[in-house]
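One structure below.
Positions are given from 1, in the same order as the sequence printed here.
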Amino acid sequence: MSTSRYIARLMGPLLLTLGLGMVFGLAASPGTYMTMMKQFAGEPSFVFVVGMLALVAGLAIVNAHNVWVGDWRVIITILGWLAVIRGILSLLFPVRLHGVAERVLADPTAPTIGAVITIVLGALLTWVGYEHLWAQKPAPAAKPAARAARTRAASARKAAKRAPARKSRARKRKRS
C-alpha cells in the first residue's frame, strides 16, 4: 500500500466522522454545541496543547508525504502543511488564536461551513484510501488438480530443456 493511501485511510474516516459529529451536534442542539466549541477555543492552555498535537501530526504527514502533484494526493500534503502552520501558531500565539476563534464562532454559519468542508474532505480521502479494496475482484482459487497439472507441465518443460545437453555429453564420451 502506498503512503498516500495509508494516510488517506487514517485521515479520511477521522475527518468524515468529525464533520458528521459537527453537523449532528449543530442540528441536535445548536446552542449547546456552540457553547462547547467556544469553551474549547476559549482556553489558551487547551489551544497550546492542541497546537502540540497539530504540529506533531503535521510534521509526521509532511515528512512521510510531501507530494506536490496534480491529483488527490496533494490534499494530504496541504492538510499536513496546514497542521504544521496551525501547530506553530497555536504554540507561539495561543491567546491571539483564542481571539480569532471567538470571532469565527460569532458567525453562526462558520461552524456549518467548516463541517461541510470537513465532510467533503473526509469522504474524498476515505473513498480514495479504501477504493482499491472493493474495486478489485478476487482471483478465482485454482483447483488442486489444475495446479498439479501446471506443476507437472513446468517440470516437463525444464526436463526437456536439459535433455539435449545430456545427449551431447554422452556423444562426446563415446567418441573419446
Side chains of Arg86 and Ser90: is there a donor and an acceptor less than 3.5 Å apart?
-> yes

Look at the side-chain heavy atoms of Ile, Leu, Val, Met, Phe, Trp and Tyr, link any pair under 4.5 Å apart, and say whether Val120 and Trp127 land in one connected group.
-> no

Closest non-hydrogen contact found for Pro13 with Thr17 is O-OG1, 2.7 Å

Ignoring hydrogens and angles, tell me if any N or O in the side chain of Ser2 forms a donor-acceptor pair with the backbone of Arg5 under 3.5 Å.
-> yes

Answer yes or no: is there a side-chain heavy-atom contact under 4.5 Å between Tyr130 and Leu125?
-> no

Shared hydrophobic cluster, Met11 / Leu14 (ILVMFWY, side-chain heavy atoms < 4.5 Å) = no

Looking only at heavy atoms, what is the nearest atom pair of His65 and Ile76, with distance?
-> ND1-CG2, 3.6 Å

Is a side-chain donor or acceptor of Thr118 paired with a backbone partner of Gly19 at a separation under 3.5 angstrom?
-> no

Acceptor/donor pairs from residues 44-63 side chains to any protein atom, 3.5 angstrom cut, sequence neighbours excluded:
unit_1	atom_1	unit_2	atom_2	d
Ser45	OG	Glu43	OE2	3.4
Asn63	ND2	Leu59	O	2.9

For residues Ala27 and Pro30, report the shortest heavy-atom separation together with the two atoms involved.
-> O-CD, 4.2 Å

Excluding Val69, membership of its hydrophobic cluster (Ile, Leu, Val, Met, Phe, Trp, Tyr; side-chain heavy atoms within less than 4.5 Å) reads Val67

From Ile119 atom CD1 to Thr126 atom OG1, the distance as rounded to the nearest 0.5 Å = 11.5 Å

Residue pair Pro111 / Met34: nearest heavy atoms and the distance that separates them = CG-SD, 3.6 Å

Considering residues, nucleotides and ligands other than Tyr33, do more than 12 of their heavy atoms fall under 6.0 Å from its OH?
-> yes

Look up atom CG in Leu121 and atom CG in Leu18, then write down how far apart they are to the nearest 0.5 Å.
-> 11.0 Å

Same cluster (ILVMFWY, side-chain, under 4.5 Å), Leu16 and Leu133 | no

Separation between CG of Leu124 and CD1 of Ile75, rounded to the nearest 0.5 Å | 4.5 Å

Co-membership, hydrophobic cluster, residues Met22 and Ile117, 4.5 Å side-chain | no

From OH (Tyr6) to OG1 (Thr3), nearest 0.5 Å | 10.0 Å

Give a yes or no on whether Met37 and Val104 share a hydrophobic cluster (residues Ile, Leu, Val, Met, Phe, Trp, Tyr; joining criterion: side-chain heavy atoms under 4.5 Å apart).
-> no

